[in-house]
2 protein chains.
Amino acid sequence: MSIFHHKKEISVQTIRRLPQYLRIFYNLHAYGRELVSSTALAEETQLLPIVIKKDLQSVGAPSKLRAGFKVAGTIAVIEKFLGWNNLNKAFLVGVGHLGAALLGFDGFKNHGLEIVAAFDTHPEKVGNALHGVRVYHTAQLAGVIEKENLKIAILTVPAAAAQGITDTLVAAGIKAIWNFAPVNLTVPAGVIVQKEDISSGLAELCAKLKSR
Amino acid sequence: MSIFHHKKEISVQTIRRLPQYLRIFYNLHAYGRELVSSTALAEETQLLPIVIKKDLQSVGAPSKLRAGFKVAGTIAVIEKFLGWNNLNKAFLVGVGHLGAALLGFDGFKNHGLEIVAAFDTHPEKVGNALHGVRVYHTAQLAGVIEKENLKIAILTVPAAAAQGITDTLVAAGIKAIWNFAPVNLTVPAGVIVQKEDISSGLAELCAKLKSR
DNA sequence: AAAATATAGATATCAAAATATCTATAAAGA
DNA sequence: TCTTTATAGATATTTTGATATCTATATTTT
């Protein structure tokens with residue numbers, strides 16, 4: 001056996017399930033539950049108990065033998081793993097239908113995200129505030145990013161505009177882009193792009209519908 | 001060798017990539033391109049050529065040796081596979097920020113979906129039209145579903161209301177629910193639920209950010 | 001005409017993820 | 001006290017998906 005400890009890699013799929021667990025654990029905590037077993041969680045999530053067990057073990061969730069996982073402690077390790085124990089300042093580019101909806105979503109505070117600014121090019125939007133977030137003109141992007149030292153961008157612009165704005169964001173030192181535009185962005189190594197595309201989910205649904 | 005032909009199973013991941021291919025093929029078609037190779041597509045999508053090749057082969061995309069896949073023919077097979085070659089009537093329940101944004105998204109016409117009605121409980125929304133879609137009171141759900149023979153529901157209500165409405169939908173004969181509420185719905189076998197959860201994507205992004 | 005090349009097509013290998021099985025133990029019940 | 005049981009913990013197996021390699025061939029180049 002090696003004397004080196006290999007840091008256990010946590011799979012992407014596990015990471016994607018963590019928010020779901022977190023939501024349930026928040027509820028349990030609010031109801032005063034201190035322990036919950038993987039079998040109980042399995043009913044709630046419709047996942048297999050063993051999937052949940054392995055997911056929680058992999059982030060180091062504390063447990064009590066024969067009793068389940070500790071609610072408060074598990075919340076703490078998941079939040080810490082995701083960095084959701086303190087808020088990251090972020091901003092949004094493109095105040096269209098989707099962008100406005102995201103600005104109105106107050107759940108981000110539970111997800112480590114605080115949207116502190118928005119950007120758009122339409123004169124009737126610039127200068128106003130939407131859901132308490134001020135809308136700047138896109139031309140001011142670089143300045144605001146630098147002044148506020150922002151690292152995370154939420155991109156909700158039309159496909160045609162996405163790459164151009166991305167180049168501006170990268171030049172301004174942005175480290176992560178959450179991309180809702182239906183294009184693949186080209187960025188230098190080191191910049192993280194997380195693509196979101198609901199048409200994938202719709203395709204999955206339609207494929208299931210057809211094969212019945 | 002068996003005399004039975006085993007219908008090749010198409011993987012979920014392949015299905016989720018199909019809309020992306022379709023978008024690119026629409027563009028190519030608009031520009032008059034008749035053939036495109038997997039290597040060319042790989043640059044555009046940032047996927048490996050072999051992934052694309054296998055994906056397209058698995059839905060039976062027509063090709064020409066040494067030249068690539070046929071643009072028009074590939075569009076046809078993908079659309080057919082997903083059932084996007086003709087419109088499915090759908091409706092939306094919950095005209096909040098997200099629901100309104102989805103109503104305003106006109107791209108659904110390219111995705112085999114036509115939203116013909118919306119439902120909400122707020123008196124100031126009921127009776128109006130939003131983006132050309134009439135908003136009914138949720139109490140009228142069963143009636144409208146039956147009258148219009150609707151099969152696909154888009155659920156954008158708060159978590160607390162989701163299961164109750166789902167029960168109504170199921171009782172009214174709905175076959176598929178595209179669920180944007182952050183809960184796991186319980187439905188009888190045969191009803192398809194496709195869950196959409198952007199917090200998974202955010203978790204992925206945050207995990208990547210932390211591990212740099 | 002001959003050689004080189006880029007491609008789909010087919011098959012094989014590898015990696016990731018899900019699932020199953022086994023073990024030890026603390027708690028509950030007889 | 002003894003037995004049963006539900007659980008986390010650990011390991012093994014299976015399945016799924018991604019990646020690599022090889023082949024045949026139409027096209028292009030020489």
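What you see below is based on every heavy atom in this structure, not just the backbone, and it leaves out hydrogens, waters and symmetry mates. A, B, ... follow the sequence lines: proteins, then strands. Residue 1 opens every chain.
- Remark: C1' of D:dG17 and CD1 of B:Ile52 are 16 Å apart, rounded to the nearest angstrom.
- Taking atom CG of A:Leu48 as the reference point, atom C1' of D:dT16 lies 15 Å away to the nearest angstrom.
- Here C:dA30 sits opposite D:dT1 as a Watson-Crick or G-U wobble pair (both hydrogen-bonding atom distances under 3.5 Å).
- One can find a donor-acceptor pair under 3.5 Å joining the base of C:dG9 and the side-chain atoms of B:Lys53.
- Atom CG in A:Leu56 sits roughly 14 Å away from atom P in D:dT7 (whole-Å rounding).
- Under 4.0 angstrom from either OP1 or OP2 of C:dT7 there lies no side-chain N or O belonging to B:Ser38.
- Each of A:Asp55 and B:Gly68 was matched to the nucleotide of DNA chain C holding its nearest heavy atom; the match closer to the 5' end belongs to B:Gly68.
- Partner of B:Leu185 under the side chain to side chain contact (heavy atoms under 4.5 Å, CB included) criterion, chosen from B:Leu169, B:Val191, B:Leu155: B:Leu155.
- Between A:Arg17 atom CZ and C:dT19 atom P there is a gap of 9 Å when expressed in whole angstrom units.
- The shortest distance between the side-chain N/O atoms of B:Ser11 and the OP1/OP2 oxygens of D:dT16 is not below 4.0 Å.
- Picking from D:dT19, C:dA28, C:dT19 the nucleotide with the shortest atom distance to the side chain of A:Arg66 gives C:dA28.
- Taking atom CD of residue A:Gln13 and atom P of nucleotide C:dA15, one finds them 18 Å apart after rounding to whole Å.
- For the OP1/OP2 pair of D:dG9 and a distance below 4.0 Å, the side-chain nitrogens and oxygens of A:Gln57 include at least one atom meeting the criterion.
- A donor-acceptor pair under 3.5 Å links the side-chain atoms of B:Thr138 to the main chain of B:Asp120, judged by distance alone.
- Contact between the side-chain N/O atoms of A:Thr39 and the OP1/OP2 oxygens of D:dT7 is found at a separation under 4.0 Å.
- Out of C:dG9, D:dT19, C:dT25, the shortest distance to the side chain of B:Ser63 is found at C:dG9.
- If you check C:dT19, D:dA18, D:dA20 against the side chain of B:Ile50, the one that comes closest is D:dA20.
- Nearer to the 5' terminus of DNA chain C, by closest-nucleotide assignment, is the contact made by B:Val36 (compared with the other of B:Val36 and B:Lys54).
- Residue A:Lys64 places its NZ atom among 12 or fewer non-hydrogen atoms of other residues, nucleotides or ligands, all under 6.0 Å distant.
- Rounded to whole Å, the distance from CG on B:Leu41 to C1' on C:dA8 is 13 Å.
- Sparse packing is recorded around CD of B:Glu146, with 12 or fewer heavy atoms of other residues, nucleotides or ligands lying under 6.0 Å away.
- In B:Lys80, the NZ atom is not crowded: 12 or fewer heavy atoms of neighbouring residues, nucleotides or ligands sit closer than 6.0 Å.
- Between B:Lys64 and D:dT27, a side-chain N or O to OP1/OP2 separation shorter than 4.0 Å is present.
- Rounded to a whole Å, the CG atom of A:Leu65 is 12 Å from the P atom of C:dA24.
- Between B:Arg16 and D:dG17 there is no side-chain N or O to OP1 or OP2 distance below 4.0 Å.
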